[in-house]
Amino acid sequence: MKNKLLKVFLSSLAISLLLLVSACGTSEKTTTGSSDKPASGETQHKKLRIVTDATYAPMESLDGDKIVGFDADILDAVMKAAGYDYELVNVGWDPVFVEVQGKTADAGISSITINKKRQMTYDFSLPYFESINKILVPKDSSIQRGADLKGKTVAVQNGTTGQEIAEKVLGKDSQHIKKFESNVLAIMELLKGGANAVVADNAVVEEYAKNNPDKNLKVITDPSFSSEFYGIMLPKGSKLKVDLDKAIKQIIDDGTYTKIYKNTFGTEPNIDALKKQF
Ligand code: ARG
């Protein structure tokens, strides 16, 4: 009797063990065989929410309800290279910072200049674009350089590096700096005569002046303005950084970056200047 019970126990134990081993075998197969994507931590299976302020052509703007532009194309290439599914959402400039800091978004791409101040709160991908601030003025303006903004009224997008430049010349709390929620609104203020100049990123003011010849605007370059680099902005400590950096390097090396750059600006990118920042 005792023996029989032991036999039953042992054989059911053997069956359980067999089942366990085969289950392990199956799950192991699934993990290795299901995907050729790199293992990339907790966000691998989650659709990333990436936020932007799509009022900054040719970098990011709306075409109907589609977000288009250099940043949108770069982001798409980077996400493909890194193996992530994502959605790019137009939330506006200030909310980009709120969402990334509060982690309601996984990242922000919006022509965001990497600087010391922002690096205290955010992490950034490797730089993917070099930029410089320029001054947009009416064709008949006497403004020839940054210093000439003194005594004038300057319109800027609130919280941008363009605002910082205006503050350097006019003073931090100057009443003559008009701050707007978007760069489009800053340019509208210039057009209606409420400001003498707009300070913003070169690609954007040059594109505007070129596409709107009837508005009689010109772009002023100040050689004392320093160059800036855009990065994809991430919450501090984000695990995405490793994968995004790798993907940025990859799209530069395989020619995708150059293709997107030429398609947007019609010129060759200065890859060496960019890579020097890596
Ligand atoms: N590069 C500037 C900055 O980071 C301006 C960027 C504004 N971007 C935008 N999508 N409106 O401050």
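One-based numbering, in listed order, for ligands and for the atoms of each. Numbers for residues simply follow the sequence, beginning at 1. Owing to the predicted nature of the structure, the values given are computational and were not obtained by experimental measurement.
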State, to 0.1 Å, how close Leu170 and Lys150 come at their nearest heavy-atom pair, and which atoms those are.
CD2-CA, 3.6 Å
Can you sort out the partners of Lys192 under salt bridge (charged side-chain N to carboxylate O under 4.0 Å, His left out), two or more places apart, ordered by chain and number?
Glu189
Does this structure show an ion pair linking Asp222 with Lys134, if we count only N-O contacts that are shorter than 4.0 Å?
no
Examine Val98 and Phe180 and state if one hydrophobic cluster contains both, with Ile, Leu, Val, Met, Phe, Trp and Tyr joined whenever side-chain heavy atoms are less than 4.5 Å apart.
no
Select all protein residues for which some heavy-atom-to-ligand 1 distance is less than 4.0 Å, and list them by chain and number.
Asp53, Tyr56, Glu60, Trp93, Ser110, Ser111, Ile112, Thr113, Arg118, Gln157, Thr160, Thr161, Asp201, Tyr230
Taking side chain to side chain contact (heavy atoms under 4.5 Å, CB included) as the criterion, tell me which of Thr264, Thr256, Ile251 meets it with Ile74.
Ile251
Check: Tyr56/Ser110 side-chain N/O donor and acceptor closer than 3.5 Å
no
